[in-house]
Protein chains: 2
Amino acid sequence: MAKTDTHMTMRVVNHIRSMIESGGLQPGDRIPPEREFARKLRISRASLRTGIGYLAAMGVMDVRHGVGTFVADGPPEIGKSSLSLLGALHGFQSWQMFEARRILESELAALAAERGHEHHFAALSEEVAEMYATVGNAMEYLIHDIRFHRVIAQASGNPILAALMETITSALYDERRKTAERSRDLKESADLHREIYRAIRTRNAAEARAVMKRHLAMAQSAQDLEAMAGEPKSDARTRKGRPRPAEV
Amino acid sequence: MAKTDTHMTMRVVNHIRSMIESGGLQPGDRIPPEREFARKLRISRASLRTGIGYLAAMGVMDVRHGVGTFVADGPPEIGKSSLSLLGALHGFQSWQMFEARRILESELAALAAERGHEHHFAALSEEVAEMYATVGNAMEYLIHDIRFHRVIAQASGNPILAALMETITSALYDERRKTAERSRDLKESADLHREIYRAIRTRNAAEARAVMKRHLAMAQSAQDLEAMAGEPKSDARTRKGRPRPAEV
DNA sequence: GTATTCTAGTGGTCGGACCTCTCGAAGGTC
DNA sequence: GACCTTCGAGAGGTCCGACCACTAGAATAC
């Protein structure tokens, strides 16, 4: 994009980037201690830290106090921590997040039906069973709910879409964690998950997509109702969507 | 997520976050000079800078050397700069990016057909005309191509989906900017864009989605062919997708 | 009036001191 | 021997204070 060489920050980022791209640095690997690494790169420790901080903010590095700095392991995250902040800044509406989720997850379900493997199906089945077993405990239920959707994302075979979904859903939970569902809803919810599972297992992509869409629409309206009952204040952040001119 | 109060970084982030959420800080606004702000927050300038750097990396703040630090203006960006890095790290395949783009943009087109306003249609029409006028110049053509898709994203009325699309497409351009199309392809491409435009203008969501999907599928296979011809090296980053256990 | 130079203000870099956290090693206790 | 406690090396976190580099507008020169 830019000079890519002037700012120390970018020098660090590019250096690490090339180490990653060349395969010299893999997820889970550790980079040298700051003092040593700074000496090697011929920059100050402060500058090195700036660069590392940048990478950490993007989810590429994992800095552990007293231990060391590592290349991020685990599933990729795309702007997971930034979304809620950006939401506050740009006034994202929760229906927009739900819409994004609906689109992503329904396609994810369809892909899972097409590409899922037997172990995915088994995991889904497991979670559905657990959901039925915990309809009386919203807390427990939620765990399996989340896992169910996560397994579908993995089964889709597209880590990018999975990461995007993760970003959206985590922001959504963030927004209102308090909404405690009632048992009756949970039973219904479990039924729908079971339907989704069946559609995926029978590799019926269209059906999987449709049921997932239905499930999420239902979840949304349930949350909307609760939210309305809970806090009838008209959202303070209402901002008229200034029709921004089509910019390049 | 965490203590949210121990680390200086988070103290800064939370402070600014609350300023944003309370409406005291709007896009484009400027925060106090570092020295002054640090004094006010009773922390060192270095720590303040760490926090600001974090926010800047997430696209929330815009730091301008010699000028000041501002709350990001312009359209929201979700992990735009991180995707290519994450891609290198997790070995994202380009077909996966295309698939994500196909899904996002086809739904975006459908939404645009449902919700677009007259000025969006006018802008789309404008870009289509420009595309036809520049089929002989791939460089120029590309600009209008990008704008066309961007207008659709705006017309969808969902800034979150628009931001996600922007993230994917920018990473895609990043990956192979060199692929210069031939004029014949451009003419075909322009025709498809015209079809998309018409579907949207006539508020035919299903048609818009379908044509967009077709357009992107075509674009993908075109790039694949060029890529294959250009660099027949088998991707070095092949990694067996260790079936990670479904974690919470 | 225009072009050049200066300068105040702001972010960027430095290095080097000191604090805090983690984890394993070394001892001590039962 | 198994377990708990203590300790210390090594790593990141914070701070300070000085100085560098960039930007924009004011002052000056022509």
Side-chain angles (χ1 to χ4, degrees), chain A residues 1-17 19-20 25-74 81, chain B residues 1-17 19-20 25-74 81:
Chain A
M1 295 285 193
K3 304 296 162 301
T4 200
D5 256 305
T6 38
H7 297 341
M8 294 295 93
T9 288
M10 284 309 151
R11 210 144 93 191
V12 175
V13 171
N14 286 328
H15 189 267
I16 292 183
R17 168 189 217 109
M19 284 174 78
I20 289 175
L25 220 44
Q26 301 248 329
D29 284 358
R30 176 178 165 174
I31 66 175
E34 296 184 348
R35 291 160 178 87
E36 183 185 328
F37 203 15
R39 212 179 320 124
K40 192 178 338 184
L41 297 187
R42 314 289 187 64
I43 62 179
S44 75
R45 193 181 155 213
S47 294
L48 173 65
R49 278 178 62 74
T50 304
I52 289 177
Y54 182 85
L55 291 167
M58 299 195 315
V60 177
M61 306 289 292
D62 182 13
V63 183
R64 289 187 239 162
H65 189 179
V67 184
T69 303
F70 305 78
V71 177
D73 205 349
S81 52
Chain B
M1 300 278 183
K3 305 296 162 297
T4 200
D5 258 306
T6 36
H7 297 340
M8 293 296 94
T9 290
M10 284 309 150
R11 210 144 95 190
V12 175
V13 171
N14 287 328
H15 189 268
I16 293 183
R17 167 190 219 111
M19 286 174 78
I20 288 175
L25 222 44
Q26 301 250 328
D29 284 358
R30 175 178 164 171
I31 66 175
E34 296 184 349
R35 292 162 177 87
E36 182 185 326
F37 203 15
R39 213 179 317 123
K40 191 178 338 183
L41 296 186
R42 315 289 187 63
I43 61 179
S44 74
R45 193 182 156 212
S47 294
L48 173 64
R49 278 177 62 73
T50 304
I52 289 177
Y54 182 85
L55 291 168
M58 299 196 315
V60 177
M61 305 290 293
D62 183 14
V63 184
R64 288 187 239 161
H65 189 179
V67 183
T69 303
F70 304 79
V71 177
D73 204 349
S81 51

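Fair warning: this is a prediction, and the values are worked out from it, not measured in the lab. Just so we're on the same page: letters track the sequence lines, and every chain starts at 1.
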Legend entry - C/dG12 base / B/R45 side chain donor-acceptor hit below 3.5 Å: yes
Inset, instruction - Starting at atom CD of B/E36, determine the distance to atom P of C/dA8, rounded to an integer number of angstrom. - result: 18 Å
Inset, instruction - Quick one: closest heavy-atom pair of A/V71 and A/Q26, and the distance? - result: CB-O, 3.5 Å
Inset, instruction - Report the distance from atom CZ of A/R11 to atom C1' of C/dT13, rounded to the nearest whole Å. - result: 11 Å
Legend entry - A/G66 or A/T9, whichever maps to the more 5' nucleotide of DNA chain C: A/T9
Inset, instruction - Taking only the side-chain nitrogens and oxygens of A/T69, find out if one of them lies under 4.0 Å from OP1 or OP2 of D/dA11. - result: no
Inset, instruction - Check if the side chain of A/H65 and the base of C/dT22 share a donor-acceptor pair of N or O atoms closer than 3.5 Å. - result: no
Legend entry - N/O (side chain, A/R64) to phosphate O (OP1/OP2, C/dC23) under 4.0 Å: no
Legend entry - For atom CD of B/E34 and atom C1' of C/dA8, their distance in whole Å: 17 Å
Legend entry - Under-4.0 Å side-chain N/O to phosphate OP1/OP2 contact, B/R49 with C/dG12: yes
Legend entry - A/R39 CZ - D/dG10 C1' separation (whole Å): 13 Å
Inset, instruction - Quick one: label A/R30 by what it contacts on the DNA or RNA (base, sugar-phosphate, nothing), any heavy atom closer than 4.0 Å. - result: sugar-phosphate
Inset, instruction - May I ask you to evaluate whether A/S47 reaches the phosphate of C/dC14, defined as a side-chain N or O under 4.0 Å from OP1 or OP2? - result: yes
Inset, instruction - Let me know the distance between CZ of A/F70 and C1' of C/dT22, rounded to the nearest Å. - result: 11 Å
Inset, instruction - Ignoring hydrogens and angles, answer whether the base of C/dG15 and the side-chain atoms of A/R35 contain a donor-acceptor pair closer than 3.5 Å. - result: no
Inset, instruction - Measure the distance from CD1 on A/I52 to P on C/dT13 and round it to the nearest whole Å. - result: 14 Å
Legend entry - Distance in Å, A/T9 OG1 paired with A/N14 CG, rounded so as to fall on 0.5 Å steps: 10.5 Å
Inset, instruction - Enter the distance from B/L25:CG to B/I16:CD1 here, rounded to the nearest 0.5 Å. - result: 7.0 Å
Legend entry - Option from B/R39, B/K40, B/R49 for which salt bridge (Lys or Arg N to Asp or Glu O under 4.0 Å) with B/E34 holds: B/R49
Inset, instruction - Take the protein atom CG of A/L48 and the nucleotide atom C1' of D/dG13, then report the distance between them rounded to whole Å. - result: 14 Å
Legend entry - Spacing between A/M8 atom CE and C/dG12 atom P, to the nearest angstrom: 12 Å
Inset, instruction - Mind checking the CD1-CG spacing from A/I31 to A/L48? Nearest 0.5 Å is all I need. - result: 6.5 Å
Inset, instruction - With the side chain of B/V67 defined as its heavy atoms from C-beta on, choose the nearest nucleotide among C/dG15, D/dT23, C/dC23. - result: D/dT23
